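These numbers come from the heavy atoms of this one structure, side chains and all, not from hydrogens, waters or symmetry mates. Counting starts at 1 for both ligands and their atoms, in listed order. As the structure is a computational prediction, the values presented were derived from the model and not from experiment.
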Amino acid sequence: MTKTITMIEDLRILAKARVPRMFYDYMESGSYTEGTFRANTDDFARIKLRQRVAVDMTNRTLASTMVGLPVSMPVAIAPTGLTGMQHADGEILAARAAAKAGIPFTLSTMSICSIEDVAKNMDRPFWFQLYVMRDRDFINRLIDRAKAAECSALVLTLDLQILGQRHKDIKNGLSAPPKPTVANMINLMTKPRWCLGMLGTRRRYFGNIVGHVTGVMDMRSLSSWIADQFDPRLSWDDVKRIRDRWGGKLILKGILDPEDARRAAETGAEALIVSNHGGRQLDGALSSIVSLPSIVSAVGDKIEVLMDGGIRSGQDVIKALAYGAHGVFIGRSFLYGLGAMGEQGVTLALDIIRKELDTTMALCGLRDVRDVDRTIIARTPEPFN
Ligand code: GLV
């Protein structure tokens with residue numbers, strides 16, 4: 001099987017066949033018209049690289065750092081909600097694959113496996129992503145739980161105070177676990193591997209939330225829970241308060257505008273992530289890769305600039321680095337692997353991206369990923385651009 005999987009798109013196709021429709025759709029959706037979701041990948045495809053020849057391509061290295069921590073390549077696993085619904089125990093499996101590959105794994109607040117559960121099943125620290133909710137006690141407890149689990153960075157998401165509508169989630173009646181409706185049962189009958197995995201695990205609810213918030217035992221409707229719980233008043237003062245309580249490395253996720261990037265740099269956070277939430281929030285926003293250069297010029301010497309959105313290959317990674325990202329996050333690219341083949345699929349996705357990045361870097365005439373800069377970008381002559 002793995003011999004026929006040579007690119008991330010192969011994993012997507014397999015994931016589509018194996019993951020129940022509501023969870024595949026949840027992952028593969030953008031908000032509203034999905035224009036920004038598509039722009040994230042389309043804009044990468046428009047960038048052209050300079051081919052260089054007759055340069056020594058031996059002894060190449062992809063090793064770098066992200067927020068000062070060593071990484072085997074400048075790629076981290078992004079926080080994604082409901083990862084444990086793409087495959088049973090998904091967060092633990094993906095965290096293990098990331099640890100083996102020498103890259104960071106970020107656990108979402110909206111994960112199925114809890115912080116404590118992932119920590120218990122890992123011998124390496126991971127990163128934790130935090131949403132700001134109205135219940136400040138719960139937020140404080142989440143921060144303290146992430147500290148107790150020795151998470152090595154906190155990723156604070158700033159672009160989801162309210163939820164951009166994803167049509168398919170409403171039409172599919174998205175919930176974790178799925179409701180036993182006739183339509184769901186018919187769909188689940190075509191996903192025997194997924195069902196078997198789920199029967200073999202007790203991790204089927206939002207592990208960080210159920211049992212930790214008074215009155216919440218079961219979160220049947222994700223969107224109404226977000227509407228009730230997420231804090232639409234989130235401010236830069238809250239960011240500072242969270243920074244002080246956390247006290248460790250802080251990464252601010254969801255910056256798309258140079259003005260906001262300047263505010264983010266003033267908070268003293270280690271890094272920001274140029275992100276439009278995978279095209280899942282403001283439909284009509286610029287793609288992440290198009291937003292990146294202006295943010296790098298606004299704050300690139302004051303805060304580490306990372307990015308996510310649209311990365312489906314090692315070529316995309318090098319393009320982001322060329323435009324000034326210090327590192328990138330992948331969301332869907334690892335989820336395709338997870339849905340397709342569990343831990344092995346995530347490992348495969350990371351291997352694919354690593355090899356593509358390495359070969360592309362060499363063909364651009366470079367041997368050290370830390371040397372990648374704007375000079376590897378080709379200018380398209382007038383009549384063709
Ligand atoms: C949550 O992070 C989502 O985008 O659904």
Side-chain angles (χ1 to χ4, degrees), residues 15 19-41 76-86 90-91 94 105-115 127-133 139 142 154-178 205-210 219-232 234 251-256 273-285 287-288 307-311 329-336 338-339:
V19 175
R21 188 174 54 225
M22 75 165 64
F23 300 120
Y24 177 82
D25 282 351
Y26 168 73
M27 160 182 69
E28 200 53 15
S29 291
S31 56
Y32 304 102
T33 70
E34 303 194 328
T36 296
F37 167 58
R38 284 189 299 277
N40 275 349
T41 45
I77 294 222
T80 53
L82 284 83
T83 304
M85 284 288 135
Q86 302 295 333
E91 288 89 359
F105 170 81
T106 317
L107 183 74
S108 166
T109 293
M110 305 302 287
S111 60
I112 302 296
C113 305
S114 69
I115 307 175
W127 296 356
F128 181 68
Q129 174 269 341
L130 184 72
Y131 278 123
V132 181
M133 297 174 201
I139 294 304
L142 267 180
L154 187 74
V155 176
L156 177 61
T157 298
L158 299 176
D159 62 0
L160 203 136
Q161 287 163 265
I162 56 169
L163 189 73
Q165 179 167 305
R166 300 97 190 238
H167 300 306
K168 282 176 253 170
D169 292 351
I170 297 174
K171 293 185 166 91
N172 289 333
L174 175 71
S175 66
Y205 299 89
F206 290 93
N208 291 327
I209 293 155
V210 173
M219 284 172 34
R220 283 296 166 129
S221 166
L222 182 65
S223 52
S224 61
W225 195 81
I226 287 178
D228 290 348
Q229 301 293 328
F230 282 42
D231 192 349
L234 171 66
I251 305 174
L252 301 180
K253 178 171 182 284
I255 306 292
L256 212 60
I273 309 178
V274 177
S275 173
N276 49 36
H277 214 99
R280 298 161 72 79
Q281 285 294 94
L282 177 62
D283 184 37
S287 68
S288 299
M307 74 85 72
D308 71 19
I311 292 185
F329 286 72
I330 52 167
R332 293 183 181 90
S333 288
F334 97 84
L335 288 174
Y336 299 152
L338 181 69

| query | If we ignore angles and hydrogens, is there a donor and acceptor under 3.5 Å between the side chains of Thr109 and Asn208? | reply | no

| field | Val19 backbone acceptor or donor facing Gln86 side chain under 3.5 Å | value | no

| request: Please identify which atoms of ligand 1 are closer than 4.0 Å to at least one heavy atom of Arg166. | output: 3 (C), 4 (O), 5 (O)

| said: Checking contacts here: is it the side chain or the backbone of Met110 that comes within 4.0 Å of ligand 1, counting heavy atoms only? Could be both or neither. | reply: neither

| Under 4.0 Å from any heavy atom of Tyr26, which atoms of ligand 1 are there? | 1 (C), 3 (C), 5 (O)

| query | Is Thr36 reaching over with its side chain to a backbone N or O of Gly284, donor-acceptor style, under 3.5 angstrom? | reply | yes

| task | Check the side chains of Gln129 and Thr157 for a donor-acceptor pair under 3.5 angstrom, ignoring hydrogens and angles. | result | yes

| Should the pair Phe105 and Phe334 be assigned to parallel (<30°), tilted (30 to 60°) or perpendicular (>60°) ring geometry? | perpendicular

| task | Would you mind running through ligand 1 and noting each atom that sits below 4.0 Å from a heavy atom of Tyr131? | result | 1 (C), 2 (O)

| message | Heavy-atom distances under 4.0 Å decide this one: backbone, side chain, both or neither, for His277 against ligand 1? | response | side chain

